[in-house]
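Working notes, structure below.
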Amino acid sequence: MNIADKLYVAFDYKLTLNSGQEVDRSSEGQPLGIITGSGQVIPGLEKAMMGMTDGDNLKISFEPEEAYGQVNPELFQDVPRNQFPGDMELQPGMTFQTQGPQGPMVINIKEIKDENTVVIDLNHPLAGKKLHFDVNIVEVREPTAEELSGLSSGCNCDCSAEEQAGCGTKGGCC
């Protein structure tokens with residue numbers, strides 16, 4: 001069966017950056033399973049897999065505009081230092097997970113402005129980066145009723161509402 005809209009597709013993948021740094025991969029023996037057309041992966045990746053079948057391989061790259069977009073400076077925000085645990089030594093580059101209006105979200109500390117202000121970055125961690133996927137299709141089939149009922153609005157990962165059309169973190173979204 002070839003990949004088409006509204007099918008269950010299981011695939012192994014490795015995601016790397018231009019530097020060759022691996023940023024994500026499916027766990028050994030646990031391919032990522034999606035229902036095509038449900039917004040669980042970046043649209044370009046899903047589109048590139050259309051027509052493929054079990055055993056097919058794909059190597060494809062996406063510019064930032066085709067993935068998580070460019071870094072948006074409007075998503076840098078000043079936050080009072082007291083919003084973080086008092087005993088924690090904050091450093092630029094530290095990442096935290098917090099609860100946002102659409103569920104869990106990742107924030108990155110961009111800068112410690114002064115003793116009272118921390119600059120956080122709410123951009124997707126892969127914003128501004130060219131992404132390289134190495135994909136192996138493991139299974140293509142009709143989805144079960146249980147798999148269809150498990151779909152929600154968005155992919156339940158660390159993306160903002162704008163980014164949920166193509167999430168990119170471990171735990172089922174890439």
Side-chain angles (χ1 to χ4, degrees), residues 2-28 30-53 56-77 92-111 119-140 150-174:
N2 291 25
I3 297 174
D5 201 31
K6 305 295 183 220
L7 292 179
Y8 175 86
V9 178
F11 60 97
D12 288 316
Y13 72 95
K14 179 171 76 169
L15 172 58
T16 56
L17 302 177
N18 274 348
S19 65
Q21 175 191 359
E22 183 178 302
V23 292
D24 200 6
R25 76 169 35 240
S26 53
S27 299
E28 176 110 16
Q30 297 180 356
L32 175 63
I34 66 165
I35 307 295
T36 53
S38 62
Q40 294 174 295
V41 295
I42 59 174
L45 178 59
E46 186 172 292
K47 181 179 177 185
M49 292 190 303
M50 290 295 170
M52 297 177 71
T53 191
D56 285 352
N57 296 297
L58 170 69
K59 288 188 179 193
I60 191 165
S61 299
F62 297 99
E63 294 296 330
E65 296 78 14
E66 302 170 295
Y68 298 100
Q70 294 293 347
V71 172
N72 180 351
E74 292 179 16
L75 294 178
F76 297 149
Q77 295 182 3
M94 291 177 85
T95 302
F96 295 88
Q97 183 169 338
T98 187
Q99 195 65 25
Q102 269 76 34
M105 61 185 283
V106 173
I107 61 168
N108 181 31
I109 295 181
K110 178 77 175 161
E111 171 188 353
V119 180
I120 62 169
D121 179 0
L122 297 175
N123 284 284
H124 188 281
L126 296 176
K129 303 205 179 345
K130 184 173 183 176
L131 306 181
H132 305 276
F133 284 91
D134 188 353
V135 174
N136 179 46
I137 306 300
V138 176
E139 181 181 20
V140 181
L151 292 177
S152 65
S153 60
C155 68
N156 297 324
C157 67
D158 300 327
C159 302
S160 70
E162 298 82 33
E163 297 164 338
Q164 283 193 6
C167 297
T169 61
K170 289 185 188 265
C173 307
C174 70

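Residue Ile109 holds its CD1 atom at 11.0 Å from CD of Glu111, rounded to the nearest 0.5 Å. If you take CD on Gln70 and CD on Glu63, they are separated by 8.5 Å, rounding to the nearest 0.5 Å. Going from atom CG of Leu15 over to atom CG of Leu126 covers 6.0 Å, rounded to the nearest 0.5 Å. One finds the NZ atom of Lys14 at 11.0 Å from the OG atom of Ser26 (value rounded to the nearest 0.5 Å). With rounding to the nearest 0.5 Å, the separation of CD1 in Ile60 from CZ in Phe133 is 9.5 Å.
The shortest side-chain heavy-atom distance between Phe11 and Val41 falls under the 4.5 Å cut-off. Residues Ile35 and Gln40 have side chains in contact (heavy-atom distance under 4.5 Å, counting atoms from C-beta outward). The closest side-chain heavy-atom distance from Leu131 to Tyr68 is below 4.5 Å. The shortest distance between side-chain heavy atoms of Thr16 and Val23 does not fall below 4.5 Å. Contact of the Phe62 side chain with the Lys130 side chain is not registered, since no non-hydrogen atoms from C-beta on lie closer than 4.5 Å. Val135 has its side chain out of reach of Asp56: every pair of non-hydrogen atoms, C-beta onward, lies at least 4.5 Å apart. Inter-residue side-chain proximity for Ile120 and Lys110 is flagged as unmet; no heavy-atom pair is nearer than 4.5 Å. In this structure the side chain of Tyr13 never reaches within 4.5 angstrom of the side chain of Asp134, judged on heavy atoms.
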Problem - Worked check of side chain to side chain contact (heavy atoms under 4.5 Å, CB included) between Leu122 and Phe76 - result: CA-CA 6 Å; Leu122 297 175; Phe76 297 149; over 6 Å; no
Practice task
In sequence, state the C-alpha distance, the side-chain angles, and the governing distance for Thr98 and Met105, and then conclude on side chain to side chain contact (heavy atoms under 4.5 Å, CB included).
Solution key: CA-CA 5 Å; Thr98 187; Met105 61 185 283; 3.7 Å; yes
Practice task
Any chance you could lay out the side chain to side chain contact (heavy atoms under 4.5 Å, CB included) test for Leu58 and Met49, step after step, and finish with the verdict?
Solution key: CA-CA 8 Å; Leu58 170 69; Met49 292 190 303; 4.1 Å; yes
Exercise for the section: Test side chain to side chain contact (heavy atoms under 4.5 Å, CB included) on Thr53 and Ile3 and set out the steps. Expected result: CA-CA 6 Å; Thr53 191; Ile3 297 174; over 6 Å; no
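Atom CD of Gln99 sits in a crowded spot, with more than 12 heavy atoms from other residues, nucleotides or ligands closer than 6.0 Å. Other residues, nucleotides and ligands contribute more than 12 heavy atoms inside 6.0 Å of the CD atom of Glu65.
Asp5 is linked by a side-chain contact (heavy atoms from CB on, under 4.5 Å) to Thr36, counting only residues two or more places apart in sequence or in another chain.
In terms of modelled atom types and a separation under 3.5 Å, the side chain of Asn123 and the main chain of Val71 share no donor-acceptor contact.
Side-chain N/O atoms of Ser61 and His132 include a donor and acceptor closer than 3.5 Å.
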